[in-house]
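Heads up, the thing below is written out as structure tokens.
Below, all heavy atoms of this structure are taken into account, side chains as well, without hydrogens, waters or symmetry copies.
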Amino acid sequence: MKIVLLLGRILFALIFVFSGFNHALGAGIDYAASAGVPAASLMVRVAGVLALVGGLSVLLGFKARTGAVLLVIFLVPVTFYMHKFWGITDPAAAQMQMAMFMKNVSLTGACLMIAYFGSGPASIDKQV
């Protein structure tokens with residue numbers, strides 16, 4: 001069963017590694033600026049670094065509890081700034097943003113579980 005937890009941790013972390021890498025390089029700055037993110041050019045890159053470092057930490061199981069906290073620090077402001085479904089008048093767009101909002105809420109919950117339980121038996125933390 002160790003492999004199941006390892007696979008789950010890898011699959012969970014991939015979204016943060018890929019999006020974090022892209023955001024660290026500046027992808028999404030225009031979209032963030034249009035959503036009202038202050039200093040979007042800087043904040044998107046900072047968010048990208050948080051997501052990338054936190055994602056890699058969880059992926060590898062190295063200091064995964066700390067990595068999960070970094071991901072929570074990334075997710076909370078991103079969720080509320082970028083997915084304001086309550087302020088959208090177009091029903092289809094509001095539904096899409098609500099789905100993205102709830103996805104991030106779910107990811108935050110998983111991060112909190114990793115922050116509490118750690119990375120599990122198949123991880124660098126357990127080898128040290």
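In terms of heavy atoms, Val72 sits closest to Cys111 at CG2-CB, 3.5 Å. In terms of heavy atoms, Gly55 sits closest to Ala13 at O-CB, 3.4 Å. When all heavy atoms of Gln97 and His83 are compared, the pair lying nearest together is OE1-ND1, 2.7 Å. Closest non-hydrogen pair, Lys2 versus Ala122, comes out as O-CB, 4.2 Å. Between Tyr81 and Pro38 the shortest heavy-atom distance is OH-CD, 3.7 Å. The heavy-atom pair separating Val17 from Leu56 by the smallest distance is CG2-N, 3.8 Å.
Phe21 and Met82 fall into different hydrophobic clusters, where Ile, Leu, Val, Met, Phe, Trp and Tyr residues are linked whenever their side-chain heavy atoms come under 4.5 Å apart, directly or through other members. Under a hydrophobic-cluster definition in which Ile, Leu, Val, Met, Phe, Trp and Tyr are linked whenever side-chain heavy atoms come within less than 4.5 Å, directly or via other members, Leu75 and Phe80 are assigned to different clusters. Residues Val76 and Met98 fall within the same hydrophobic cluster, defined by Ile, Leu, Val, Met, Phe, Trp and Tyr side chains chained together at heavy-atom separations under 4.5 Å. In the hydrophobic clustering of this structure, Ile3 groups with Ile10; members are Ile, Leu, Val, Met, Phe, Trp, Tyr whose side-chain heavy atoms approach within less than 4.5 Å, directly or through other members. Phe18 and Leu7 fall within the same hydrophobic cluster, defined by Ile, Leu, Val, Met, Phe, Trp and Tyr side-chain heavy atoms under 4.5 Å apart, directly or through other members.
Listed by chain and number, the residues in a side-chain contact (heavy atoms from CB on, under 4.5 Å) with Ser106 amount to none (sequence neighbours excluded). Remark: Ala40 pairs with Ile29, Ala32, Ala33, Val37 by the side-chain contact (heavy atoms from CB on, under 4.5 Å) rule, at least two apart or across chains.
Side-chain contact between Val78 and Phe74: present, with at least one pair of heavy atoms (C-beta onward) separated by less than 4.5 Å. Side-chain contact between Leu59 and Arg9: absent, with no pair of heavy atoms (C-beta onward) separated by less than 4.5 Å. Side-chain contact between Leu52 and Phe16: absent, with no pair of heavy atoms (C-beta onward) separated by less than 4.5 Å. At least one side-chain heavy atom of Lys84 sits under 4.5 Å from a side-chain heavy atom of Trp86. Inter-residue side-chain proximity for Met96 and Asp90 is flagged as unmet; no heavy-atom pair is nearer than 4.5 Å. In this structure, the side chains of Pro121 and Leu5 come closer than 4.5 Å at one or more pairs of heavy atoms.
At most 12 heavy atoms of other shown residues, nucleotides or ligands fall within 6.0 angstrom of atom CE in Met43. Within 6.0 Å of CZ in Phe12 there are more than 12 heavy atoms belonging to other residues, nucleotides or ligands.
Put simply, the side chain of Ser119 never gets that close to the backbone of Ala64: no donor and acceptor are under 3.5 Å apart. Of the possible donor and acceptor atoms, none in the side chain of Arg45 sits under 3.5 Å from a partner among the backbone N and O of His23. Judged by distance alone, with hydrogens and angles left aside, the side-chain atoms of Asp125 form a donor-acceptor pair with the main-chain N or O of Lys63 at under 3.5 Å. No side-chain donor-acceptor contact under 3.5 Å links Ser57 to the backbone of Val53.
For the side chain to side chain contact (heavy atoms under 4.5 Å, CB included) with Leu71, the qualifying choice from Val58, Leu112, Ile15, Ile114 is Val58, the only one to do so.
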